[in-house]
Engineer: 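Attaching a single structure in structure tokens format; questions to follow.
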Protein chains: 2
Amino acid sequence: MKKLFLAALSGETTARPPIWLMRQAGRYLPEYQAVRAEAGSFLELCRRPDLSAEVTMQPIRRFGMDAAILFADILLIPYALGQELDYREGEGPVLARIGDTRDLAQLKVGGAAARLAPVSETVRKVAAMLPPDCALIGFAGAPWTVATYMIEGGNPGDAARTKRWAFSDPEGFQRLIGILVNTTGDYLAAQIAAGAEAIQLFESHAGLLSGPEFHRWCVEPIRQIIARLKGDFPDVPVIVFPRGAGPHYEGFAKAVAADCIGIDTLIASDWAAVRLQKDCAIQGNLDPQLVVVGGKPMLETAGKLIADLAGGPHVFNLGHGVVPPTPPEHVGALVDFVKSWRRDKRG
Amino acid sequence: MKKLFLAALSGETTARPPIWLMRQAGRYLPEYQAVRAEAGSFLELCRRPDLSAEVTMQPIRRFGMDAAILFADILLIPYALGQELDYREGEGPVLARIGDTRDLAQLKVGGAAARLAPVSETVRKVAAMLPPDCALIGFAGAPWTVATYMIEGGNPGDAARTKRWAFSDPEGFQRLIGILVNTTGDYLAAQIAAGAEAIQLFESHAGLLSGPEFHRWCVEPIRQIIARLKGDFPDVPVIVFPRGAGPHYEGFAKAVAADCIGIDTLIASDWAAVRLQKDCAIQGNLDPQLVVVGGKPMLETAGKLIADLAGGPHVFNLGHGVVPPTPPEHVGALVDFVKSWRRDKRG
């Protein structure tokens, strides 16, 4: 029988929504903190398949989600392209900035995907450990979002430098996007070959795009990556999470040929049911702060979310990642709630 | 004859769009820096009507926009409510945080609007100085946005504490919102009485709201403020700028009874023309980074923006405020471009 998560991604309206949570493996879990300390640095944790695989499995063992997501980071692609990368406590990632088209010559484009081989090794390890009903998700950052980090040298704020480059030299900026499209395609193909059963593309900074440029720098690169993956792996579903896309959510799934769209916290689930769910499966979108609060506010909103999206394929998730102050028992209560929900029990 | 800016706000499709820019008075102007230095602190600048009026007038004298906006700050309301407030170089505003419902008792609710009398004095001074064809805009922050600063103690990031309070204790949070609705209504009524010809409500953090809560904490408080202003001043138009509202932009103007909606940089102008302009005038939304870039990219995008919105009432503006690195001559070129555009010259 098809895994529940993959059934929903293939367009089935399942008896209950499958559930996984963005950043389900992470700082809110004491067992994660222990492995993170053993690794010494976040980058080292991402580069060691034994530790990455362990961390990927932790929430599955503790809570029994319907899907595991590979533990890695969207900035491993800039790292493989030769950009210096460091993660500083309380500061987030720090990269050597790329300033303009001339800097592109410094990128080590050839063999970048090969330098990400440890990630494929992690995928192989996790695939061998997963419970039979749990699916494995591979992922990467979408080109625009990764470009904002590469150009801003870290968390992009309002992406001022990135926008100025794209506005003043669109052809040069397109070369960077093209490099990211190709590298990301190779990287994700390798993840699928290693055992990833679905792919998620994180366009975490879709909301920073300028309206007139949204199609060129978000829709089109993602469409190209998906077209390339579908050419080789037509049965592997692709989820896109264009966080903050606002009105651009409408029609997005069709434009990029995604099987599922992740909706952010701002999106009203009844709006998504009417405007988006006719095109694809919907993933999301409980507010992560509700999982910090827990109890009745969390479960009532979760119940409304499921009810709103019960007319079509739905993958239960948050509208953004689990945040560090989240009590693990609230995650447990949420998973139990969703797993005990049944279509035929609705009032 | 009606001022061009007020004609557009009343629903007229004008021969060219009137233009003003958010933060048109500000750090990118050397003459602003001089007055700011004289004031000693940003807060003092806001509290001195002579200096605030001077700063309000600077871009009008230099560029000849169609509207001036009162120089003040959305955090003057928390300040008038007794919250300690400081502006630190490079850090932004710092407020003594409000933590929960018990802290509301500390707020000096009675007479808060009276403590903002210097702002009305600024409005009176500017009204006496304006060129006859230039309109004067008063403004305030919308309750949700002001609440995020009051609770987070400064720039709200992801508004984690605010959301947790609203999720876990909606009745207590409603008391804070109610205080802000009333104080903001009094404050804006005083601005109108002093000579403001239009009002803008800045909901700068609409995008941080959770989908299920958007109506309760953004739409409803703004609707109440506008209803109160329209009761006393039916002919004074109200602009709302719900930055980051995404799909909630659709239907927003009708829900709050606004005369004009400000659209942020992410919104595609052709989408706004179809989905929003039937309900109200549209204000926006050139990307501020395009004004840093200047030249052909700025003017071509500005031309497309005007053309897209030429079928109805449009007020030309940016999608966010002018940023400090903007060359003043780019602002001049933009104002000249918009002021020389004519409907009958379109190709």
Side-chain angles (χ1 to χ4, degrees), chain A residues 158-170 206-215 218 244-251 263-272 274-276 284-298 300-301 304-305 308 319-320 323-325, chain B residues 158-170 206-215 218 244-251 263-272 274-276 284-298 300-301 304-305 308 319-320 323-325:
Chain A
D158 58 0
R161 290 162 47 96
T162 311
K163 285 183 162 190
R164 284 179 220 158
W165 183 0
F167 283 135
S168 59
D169 175 24
L208 296 180
L209 273 154
S210 188
E213 312 255 275
F214 191 90
H215 187 87
C218 174
H248 302 279
Y249 263 111
E250 227 180 320
I263 54 175
D264 58 52
T265 49
L266 177 66
I267 302 297
S269 44
D270 51 355
W271 183 87
V274 173
R275 300 285 182 96
L276 310 182
N285 74 334
L286 195 74
D287 197 304
Q289 300 301 339
L290 270 169
V291 193
V292 180
V293 169
K296 197 174 150 187
M298 171 178 81
E300 280 189 354
T301 309
K304 180 184 181 307
L305 172 60
D308 281 348
H320 201 181
V323 291
Chain B
D158 59 0
R161 292 162 46 96
T162 311
K163 285 183 163 192
R164 286 180 217 157
W165 183 1
F167 283 136
S168 61
D169 174 24
L208 296 179
L209 273 153
S210 188
E213 313 255 276
F214 191 90
H215 187 87
C218 174
H248 301 279
Y249 263 111
E250 228 180 319
I263 53 175
D264 58 54
T265 50
L266 177 66
I267 301 297
S269 44
D270 52 354
W271 182 87
V274 173
R275 301 285 183 96
L276 310 183
N285 75 334
L286 195 76
D287 197 305
Q289 300 301 339
L290 270 170
V291 193
V292 180
V293 170
K296 198 174 150 188
M298 172 178 81
E300 280 189 355
T301 310
K304 180 183 181 307
L305 172 60
D308 280 349
H320 202 179
V323 292

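It should be emphasised that the depicted structure is a prediction, and the values quoted were computed from it without experimental measurement. No hydrogens, no waters, no symmetry mates; every other heavy atom, side chains included, goes into these values.
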Engineer: Where the side chain of A:H248 meets the backbone of B:I267, is there a donor-acceptor pair that is under 3.5 Å apart?
Structural biologist: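 Here the side-chain-to-backbone pair does not exist.
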
Engineer: If I measure from the heavy atoms of chain B, does A:Y249 come under 4.5 Å with its side chain, its backbone, both, or neither?
Structural biologist: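 Neither part.
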
Engineer: Distance-only criterion, 3.5 Å: show the donor-acceptor pairs between side-chain atoms of residues 286-294 of chain A and protein atoms not counting sequence neighbours.
Structural biologist:
residue	atom	partner	partner atom	Å
A:D287	OD1	A:Q289	N	2.9
A:D287	OD2	B:K163	NZ	2.5
A:D287	OD2	B:S210	OG	3.4
A:Q289	OE1	B:R164	NE	2.7
A:Q289	OE1	B:R164	NH2	3.2

Engineer: For A:R275, give me all partners under side-chain contact (heavy atoms from CB on, under 4.5 Å), at least two apart in sequence or on another chain.
Structural biologist: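 Only A:E250, A:W271, B:E250, B:R275 meet the side-chain contact (heavy atoms from CB on, under 4.5 Å) criterion with A:R275.
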
Engineer: Shortest non-hydrogen contact from A:L266 to B:G244?
Structural biologist: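 Minimum heavy-atom separation between A:L266 and B:G244: CD2-O, 3.1 Å.
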
Engineer: Which bit of B:S168 comes within less than 4.5 Å of chain A, counting heavy atoms only: side chain, backbone, both or neither?
Structural biologist: both

Engineer: Which atoms of A:A206 come close to chain B, meaning under 4.5 Å heavy atom to heavy atom: side chain ones, backbone ones, both, or neither?
Structural biologist: backbone

Engineer: Pick from B:G319, B:G246, B:P247: which one has the most heavy-atom pairs with chain A under 4.5 Å?
Structural biologist: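 When all of B:G319, B:G246, B:P247 are compared, B:P247 has the most.
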
Engineer: Under 4.5 Å from any heavy atom of chain B, what part of A:P325 do you find: side chain, backbone, both or neither?
Structural biologist: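 The side chain, not the backbone.
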
Engineer: What part of A:D270 is in contact with chain B, defined as an atom under 4.5 angstrom from a non-hydrogen atom: side chain, backbone, both or neither?
Structural biologist: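 For A:D270, no heavy atom lies under 4.5 Å from chain B.
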
Engineer: Is it the side chain or the backbone of B:D308 that comes within 4.5 Å of chain A heavy atoms, both, or neither?
Structural biologist: neither

Engineer: Does any backbone or side-chain atom of A:A245 lie under 4.5 Å from a heavy atom of chain B? Answer side chain, backbone, both or neither.
Structural biologist: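 The backbone, not the side chain.
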
